[in-house]
Peer 1: 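Mind having a look at this structure? Questions to follow.
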Amino acid sequence: MKTPENEQDCRGLLSVWTAGDNASRFVRRLCCLAALLAAAAVAALPIDQQVASFFDVEPERLPIHDLVTLAEVFAHGFGVGLILVTAYVLDAPRRRRLPRVVAGVVSVGLTVDVLKLAVGRIRPRSLTIGQGWDSFVGWFATFRPELRQGLPARDCQSFPSGHAALATALAIGLTWLYPQGRWLFATFAVLAAAQRLETSAHYVSDTLAGAAIACVVCAACFGRTSIGQRFDRWERTDRD
C-alpha cells in the first residue's frame with residue numbers, strides 16, 4: 001500500500017538519482033569541451049603571431065571594440081564577484097548552490113595564476129610582431145630577469161589567459177545554475193576572450209588554454225569527486 005511517506009521517499013530518491021545523472025552528463029560535456037579546447041590551443045600556436053598582427057592596431061578602430069570592452073566585466077575579478085552577489089541577492093532558492101560556483105571560479109583563478117608564474121611567455125603587445133621570436137621564454141621567467149629580455153614580469157605572463165579562464169568558469173557556474181541561459185553565458189565568455197585578443201594582451205592559444213583549464217577544474221567541483229560530493233551533501237541539507 002502506498003502511503004504519503006513512501007511516496008515522498010520515492011520522490012526524494014528519484015530527485016537524487018536524476019541530479020546525479022544530470023551532474024554526470026554535465027561533467028562529461030565539460031571534459032569533452034576541455035579536450036577540444038586544448039587541441040584547438042595547440043593547433044592555434046602556429047597562427048598566434050598572425051592573429052596578433054591583425055589586432056596590432058589602435059583598439060578604437062576595430063568595430064567590436066565597444067562590445068568586447070563591456071564584456072570584460074564578465075571576466076574581471078570584481079565583475080565576476082558582482083555577478084555572483086547579484087545571483088545571491090535575487091535568487092534565494094539557489095543560494096545554497098552558489099558556494100560550489102564560487103569554489104569553481106576561485107580554484108580556476110588560483111590554478112591559472114600558478115601556471116602564469118611557471119610558464120614564461122611574452123605578451124603580444126610586448127613582442128615585436130614579425131620578428132619571429134619564440135614568445136615562450138622559459139620556465140619561471142617571472143623570477144628570472146635574464147629570461148625576460150628586459151621586460152617587466154607581468155609582460156611575461158601571457159600563458160594562459162586569466163580573463164578567459166575566469167569568464168569560462170563563470171559561464172560554467174551560471175549554466176549549472178540556469179541551464180536555459182547557457183548560450184548567453186557562452187557568448188559572454190567568448191566576447192571576454194576576444195577582448196584579450198583585441199588589446200594584444202594574449203594570443204589565441206592563451207585564451208583557448210585558459211578556457212580548457214577552466215573546464216577541467218570546474219569538472220572536479222561539479223562532478224562526483226570527493227569535492228563535488230561534499231557540495232552535494234551541503235546542497236541536500238537545504239532540502240532535507
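Along the sequence shown, residues are numbered consecutively beginning with 1. Just so you know, these numbers come straight off a predicted model, no measurement behind them.
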Peer 1: Would L98 and L177 count as a side-chain contact (heavy atoms from CB on, under 4.5 Å) here? Give the steps.
Peer 2: CA-CA 8 Å; L98 273 174; L177 290 174; 3.7 Å; yes

Peer 1: Quick one: closest heavy-atom pair of C221 and G104, and the distance?
Peer 2: SG-CA, 3.8 Å

Peer 1: Taking the side chain as C-beta and beyond, is there a heavy-atom pair between L166 and V105 under 4.5 Å?
Peer 2: yes

Peer 1: With rounding to the nearest 0.5 angstrom, report the CG to CG distance, L67 to L191.
Peer 2: 4.5 Å

Peer 1: State, to 0.1 Å, how close G162 and V112 come at their nearest heavy-atom pair, and which atoms those are.
Peer 2: CA-CG1, 3.6 Å

Peer 1: Does atom OH (Y88) have a neighbourhood of more than 12 heavy atoms from anything else shown, all under 6.0 Å?
Peer 2: no

Peer 1: Is any side-chain heavy atom of L84 closer than 4.5 Å to a side-chain heavy atom of L170?
Peer 2: yes

Peer 1: Looking only at heavy atoms, what is the nearest atom pair of F159 and S205, with distance?
Peer 2: CE1-O, 4.3 Å

Peer 1: Specify the closest pair of heavy atoms between P124 and S158, including all atoms of both residues, with the distance to one decimal.
Peer 2: CD-OG, 4.1 Å

Peer 1: I'd like to know if the side chain of R182 reaches the main chain of P179, judged simply by a donor and an acceptor atom lying under 3.5 Å from each other, with no hydrogens or angles considered.
Peer 2: yes

Peer 1: Determine whether I122 and V137 make a side-chain contact, defined as any pair of heavy atoms from C-beta on separated by less than 4.5 Å.
Peer 2: yes

Peer 1: Is there a side-chain contact between T175 and F26 in this structure, where contact means two heavy atoms from C-beta onward sitting under 4.5 Å apart?
Peer 2: yes

Peer 1: Mind telling me whether H76 and H163 have parallel, tilted or perpendicular rings, with 30° and 60° as the class edges?
Peer 2: perpendicular

Peer 1: Whether the side chain of R123 engages the backbone of R154 through a donor-acceptor N/O pair (distance < 3.5 Å, no angle test) should be reported.
Peer 2: yes

Peer 1: If we only count heavy atoms from C-beta on, is the Y203 to L45 side-chain gap below 4.5 Å?
Peer 2: no

Peer 1: Can you tell me how far apart CD1 (I213) and OG1 (T111) are? Round to the nearest 0.5 Å.
Peer 2: 7.5 Å

Peer 1: Taking all atoms of both residues into account, what is the closest heavy-atom pair of A214 and A165, and its distance?
Peer 2: CB-O, 3.4 Å

Peer 1: Taking the side chain as everything from C-beta on, heavy atoms only, tell me whether L37 gets closer than 4.5 Å to C215.
Peer 2: yes

Peer 1: By the salt bridge (Lys or Arg N to Asp or Glu O under 4.0 Å) test, which pairs, at least two apart or in different chains, include something from residues 69-92?
Peer 2: E72-R196, D91-R94

Peer 1: Would you say the side chain of D113 lies within less than 4.5 Å of the side chain of L117, judging by non-hydrogen atoms?
Peer 2: no

Peer 1: Between CZ of F74 and CD1 of I83, what distance do you get to the nearest 0.5 Å?
Peer 2: 5.5 Å

Peer 1: Less than 4.5 Å apart, side chain to side chain, heavy atoms only: is that true for V101 and L174?
Peer 2: no

Peer 1: Could you tell me whether F188 atom CZ has more than 12 heavy atoms of other residues or ligands within 6.0 Å of it?
Peer 2: no

